Amino acid sequence: MDQIITLDSRQEAALQQVADRFVSLHKGDTMKALKEMIVLNGYLQDQIDALKRRQNQ
């Protein structure tokens with residue numbers, strides 16, 4: 001990660017709401033939700049990297 005982002009209280013509350021919904025999709029299993037988030041982030045990073053490679057060609 002290249003930078004640290006600071007959130008204000010409104011942004012933090014919105015992020016908490018999204019996180020709560022994501023965990024609830026996994027029936028409250030935070031470890032399962034975390035594992036899926038890691039997989040999703042890896043998938044999205046692969047897509048970003050592929051787009052960057054295409055732009056540099």
Side-chain angles (χ1 to χ4, degrees):
M1 183 173 237
D2 293 359
Q3 66 188 106
I4 296 173
I5 298 172
T6 303
L7 304 176
D8 62 32
S9 60
R10 181 188 55 80
Q11 292 168 319
E12 180 65 35
L15 180 60
Q16 184 66 49
Q17 186 177 31
V18 170
D20 289 343
R21 262 186 282 153
F22 191 75
V23 171
S24 72
L25 288 173
H26 295 86
K27 297 177 177 58
D29 186 338
T30 55
M31 190 55 68
K32 186 175 179 181
L34 177 60
K35 288 176 183 178
E36 183 172 341
M37 184 65 68
I38 291 168
V39 170
L40 289 171
N41 284 343
Y43 173 73
L44 292 173
Q45 188 62 55
D46 289 346
Q47 288 184 324
I48 290 169
D49 292 344
L51 287 171
K52 285 180 181 177
R53 282 192 298 273
R54 278 188 252 155
Q55 287 178 346
N56 290 332
Q57 291 179 354

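Start at 1 with the first residue, then count along the sequence. Treat the numbers as computed from the prediction; the structure is a model and nothing was measured.
Within a 6.0 Å radius of CD in Gln17, other residues, nucleotides and ligands contribute 12 heavy atoms or fewer.
Once rounded to the nearest 0.5 Å, the distance linking CD of Gln55 with CG of Leu51 reads 6.5 Å. For the atom pair NZ (Lys32) and CG (Leu25), the distance works out to 10.5 Å, reported to the nearest 0.5 Å.
Applying the side-chain contact (heavy atoms from CB on, under 4.5 Å) test between Val23 and each of Leu34, Thr30, Val18 identifies Thr30 as the sole match.
Partners of Asp29 according to the side-chain hydrogen bond (donor to acceptor under 3.5 Å, both in side chains) rule, which considers only residues two or more places apart in sequence or in another chain, do not exist here.
Using a 4.5 Å cut-off between side-chain heavy atoms of Ile, Leu, Val, Met, Phe, Trp and Tyr, Leu44 falls into a hydrophobic cluster with Tyr43.
In this model, no donor atom of one side chain and acceptor atom of the other lie less than 3.5 Å apart for Gln45 and Asn41.
The main-chain N or O of Ala33 is never found under 3.5 Å from a side-chain atom of Glu36 such that the two would form a donor-acceptor pair.
For residues 8-27, every residue pair satisfying the ring pair (Phe, Tyr, Trp, His ring centres under 6.0 Å) rule, not counting sequence neighbours, is listed here: Phe22-His26.
Across all their heavy atoms, Thr6 and Gln11 have their closest contact at O-OE1, 4.2 Å.
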